[in-house]
Amino acid sequence: MKVTLSALDIHESSFTPLVIIELAQDVKEETKEWLKNRIITKKKDGGAQLLFRPLLNKYEKETLENQNLYLVGASKIRLLLGAEAVGLVKECNDNTMRAFTYGTRHNFKDFDDDNDDFLSMAERQFIIKHELENLRARDEKMIPGYPQAKLYPGKSLLRRLLTSGIVAQVFPLHDNEALKKLEDAWYTRFTLKFQPIDRIRGYFGETIALYFGFLEYFTFALIPMAIIGLPYYLFAWEDYDKYVIFASFNLIWSTVILEVWKRGCASMTYRWGTLVMKRKFEEPRPGYHGVLGINAVTGREEPLYPSYKRQLRIYLVSLPFVCLCLYFSLFVMMIYFDMEAWALGLHEDSGSEWTSILLYVPSIIYAIVIEVMNRLYRYAAEFLTSWENHRLESAYQNHLILKVLVFNFLNCFASLFYIAFVLRDMKLLRQSLATLLITSQILNQIVESLLPYWLQKKHHVRVKKKVEALKADIDATLYEQVVLEKEMGTYLGTFDDYLELFLQFGYVSLFSCVYPLAAAFAVLNNLTEVNSDALKMCRVFKRPFSEPSASIGVWQLAFETMSVISVVTNCALIGMSPQVNALFPESKTDLILIVVAVEHTLLALKFILAFAIPDKPRHIQMKLARLEFESLEALKQQQMKLTAENLKEECREGGKEKAP
């Protein structure tokens, strides 16, 4: 029997809470009642048809604080129908990946009417989020109780509630039992082992799992570079002839690892179903604003903002601001070189052990200043990108990433390029590179994981004391969990994590022939990074909503661009070496031409390798082609059936006309 949404029970008194909605403290009762009704109302009447109840009952509200917290869940059938609506792809009994449909649910592997684990926790919470975000205004002109919060047909109610400050936050709840099992398998024991990527995906979703998969892969890929670099560091410091071999290996390595990652990523995301998941039409991002009009593509009413105004903001405000920040970064860099000259002069005058230590102080201070400037610029870049008023979240992210990458690249590497190609001081280059790399790694570990974890532990202690002081007859277990998690920091996505790896990749690849030990330090850092990032996800931040992903997105292009720049940098460094210069004592023009020719040859080899290594393994290509063929065949059959029905209808009408 076909189950419809109308048949679902929306009044279950007890359900597993999946998502928490926190309202502002002064929200009016009529607004609460309206929101509740819209969430529990049947889909055919414009609701989400979800389960909804306050965290506290009437008696507990008199005893406890935080009265504006609400639990959201859904019945099993509602979640399965939601999985079909969002287009989740699951594995069938014949080992193929297909979009899930409730009508063919028994054709999917591991499905059973009594099995509640067919959908992962992350998938269930993603479905709840999708349904809440797709609650849309119908006839309402405003949010009840808030005439200033205007609505129009088709507007996402949740996004309006968030931007109006009526809803403080919406976040998925942790499953403490599942989280404990994941922690035991992931990071509680510091041992060298593969991460449970599939379990991470099941709990946090594909985007988080892809980051940890890439972090693990990149760490293992660095090990050959670290092993090869150690003897160069120990035995051949000044022998640049041997560095030609090391640099050439670096160039091939940087290309191969990125291409192999794309293949591994395709295999993972096919197994998870996101590689074949159909892309949904992107809705306007929450902060997007403009004059109400009709979207020419969807035919829906939504804010419209002229493209030329956005371009004016980008080129007349954002671009000059970014250039000003880049200039300021170069100004700070020149101050650093003045400090280096002062420290070197002091050491040459005294020659003491104390002044030899002082030689590292300018680099350490500069590394700290770089981190501070990067973080301050990030806030400014977010504000500017939001002010540019991009319609889509993907466009917003692409413009933000471009702004941040340009500044971070110049801020972190400008001094190294200046030392290498202007000062031509290889000893100072090695010292600066080592100091910048190690200092940035230590600061990132402290700021991103250790400090937030310490603050969260202090907050946890305060919440426990408050709960223990309550009356003994109140079951405050769920209350304690929700209050604790709502005060946790919000995880803002994998942007900063990928940025850290991007800069690390730059330190390793750009100047490999000068400081081969960089890869070894990167490996040591990443071994602790895996555990600190895992701790951060599990115990420091709120649980993020799952987001289906088929790749690491624009970061793949960023890493590939860095590997191209590394070809040019390493060739130039080798061309500047005394040994190579000695081969062309009279004609520097010949040297330059040969270096450029070698650089072009290596770039050509790099692009040939990228072309020769397929992005997807052969068996994945065959499966995707098979799915496409079946989809076309199904569409053809559907069209033939529709044509046959139309012909029958025409024959029937023709017969009626001929009848006397």
Side-chain angles (χ1 to χ4, degrees), residues 1-10 15-16 18-19 42-51 73-136 198 201-202 205-206 268-283 545-550 620 622-645:
M1 185 180 85
K2 184 178 179 180
V3 176
T4 63
L5 284 170
S6 303
L8 297 181
D9 181 13
I10 58 172
F15 61 87
T16 302
L18 294 171
V19 172
K42 293 181 178 180
K43 286 281 284 185
K44 66 176 185 178
D45 298 324
Q49 205 161 344
L50 300 173
L51 303 174
S75 65
K76 180 181 176 181
I77 297 175
R78 179 69 185 90
L79 288 170
L80 292 174
L81 292 169
E84 180 178 347
V86 300
L88 285 187
V89 175
K90 308 291 282 185
E91 187 176 5
C92 293
N93 292 324
D94 60 358
N95 297 322
T96 60
M97 304 298 296
R98 300 181 189 279
F100 176 80
T101 60
Y102 186 81
T104 60
R105 62 192 182 280
H106 292 290
N107 295 337
F108 289 86
K109 188 175 287 188
D110 299 326
F111 181 86
D112 189 276
D113 289 325
D114 298 325
N115 180 19
D116 293 331
D117 297 328
F118 177 70
L119 295 176
S120 69
M121 186 79 164
E123 287 171 337
R124 282 178 273 169
Q125 290 171 333
F126 172 69
I127 291 166
I128 296 286
K129 174 178 175 253
H130 175 268
E131 296 298 339
L132 289 174
E133 287 183 340
N134 277 275
L135 266 177
R136 300 193 178 276
D198 286 332
R201 176 254 172 180
E206 289 80 14
M268 272 196 302
T269 52
Y270 178 82
R271 187 173 71 248
W272 296 341
T274 52
L275 187 64
V276 296
M277 198 171 178
K278 291 182 180 178
R279 190 170 64 91
K280 299 291 182 181
F281 185 79
E282 247 186 300
E283 297 287 341
F545 278 107
S546 166
E547 288 294 337
S549 297
I620 299 294
M622 294 297 293
K623 289 177 179 178
L624 292 175
R626 179 69 183 173
L627 282 175
E628 185 178 1
F629 170 75
E630 290 177 355
S631 297
L632 291 173
E633 285 295 304
L635 182 61
K636 189 188 300 181
Q637 292 292 331
Q638 187 178 2
Q639 289 175 340
M640 289 173 63
K641 184 179 178 181
L642 184 61
T643 303
E645 289 177 354

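One is the number of the first residue; the rest follow in order along the sequence.
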Looking only at atom types and distance, does a side-chain atom of [X] sit under 3.5 Å from a main-chain N or O of [Y], one as donor and one as acceptor?
X      : Y      : answer
Gln49  : Lys43  : yes
Thr274 : Ser549 : yes
Thr104 : Asn107 : no
Glu84  : Leu81  : no

*asked:* Using the salt bridge (Lys or Arg N to Asp or Glu O under 4.0 Å) criterion, which residues pair with Asp198? Sequence neighbours excluded.
replied: Arg271
*Who pairs with Arg124 by salt bridge (Lys or Arg N to Asp or Glu O under 4.0 Å), at least two apart in sequence or on another chain?*
none
Hey, what do you get for [atom1] ([X]) to [atom2] ([Y]), rounding to the nearest 0.5 Å?
X      : Y      : atom1 : atom2 : answer
Arg201 : Ser546 : CZ    : OG    : 7.5 Å
Leu51  : Thr16  : CG    : OG1   : 9.5 Å
Trp272 : Ser120 : CH2   : OG    : 11.5 Å

Closest heavy-atom pair and its distance - [X], [Y]:
X      : Y      : answer
Leu135 : Gly46  : CD2-O, 3.6 Å
Ala550 : Leu275 : CB-CA, 4.1 Å
Leu80  : Phe100 : O-CE2, 3.3 Å

*Can you name the residues that form a side chain to side chain donor-acceptor pair (under 3.5 Å) with Lys623, not counting sequence neighbours?*
none
_Taking the six-membered ring of Phe629 as reference, does the cationic atom of Arg626 (NZ for Lys, CZ for Arg) lie under 6.0 Å from its centre and within 45° of its axis?_
no
*Does Lys90 make a cation-pi contact with Phe108 (under 6.0 Å, within 45 degrees of the axis)?*
no
*With Tyr270, which residues qualify under ring pair (Phe, Tyr, Trp, His ring centres under 6.0 Å), at least two apart?*
none
*Taking only residues two or more places apart in sequence or in another chain, which ones pass ring pair (Phe, Tyr, Trp, His ring centres under 6.0 Å) with Phe111?*
His106, Phe118
Does the side chain of [X] reach to within under 4.5 Å of the side chain of [Y], using non-hydrogen atoms?
X      : Y      : answer
Leu18  : Ile127 : no
Ile77  : Tyr102 : yes
Leu50  : Val19  : no
Gln125 : His130 : no

*Identify whether the distance between the nearest side-chain nitrogen and carboxylate oxygen of Arg98 and Glu91 falls below 4.0 Å.*
no
*Using the test side-chain contact (heavy atoms from CB on, under 4.5 Å), find all partners of Asn93 that sit at least two apart in sequence or belong to another chain.*
Lys109
*Begin with the C-alpha distance, continue with both residues' side-chain angles, and end with the deciding distance and a verdict on salt bridge (charged side-chain N to carboxylate O under 4.0 Å, His left out) for Glu131 and Arg78.*
CA-CA 10 Å; Glu131 296 298 339; Arg78 179 69 185 90; 3.0 Å; yes
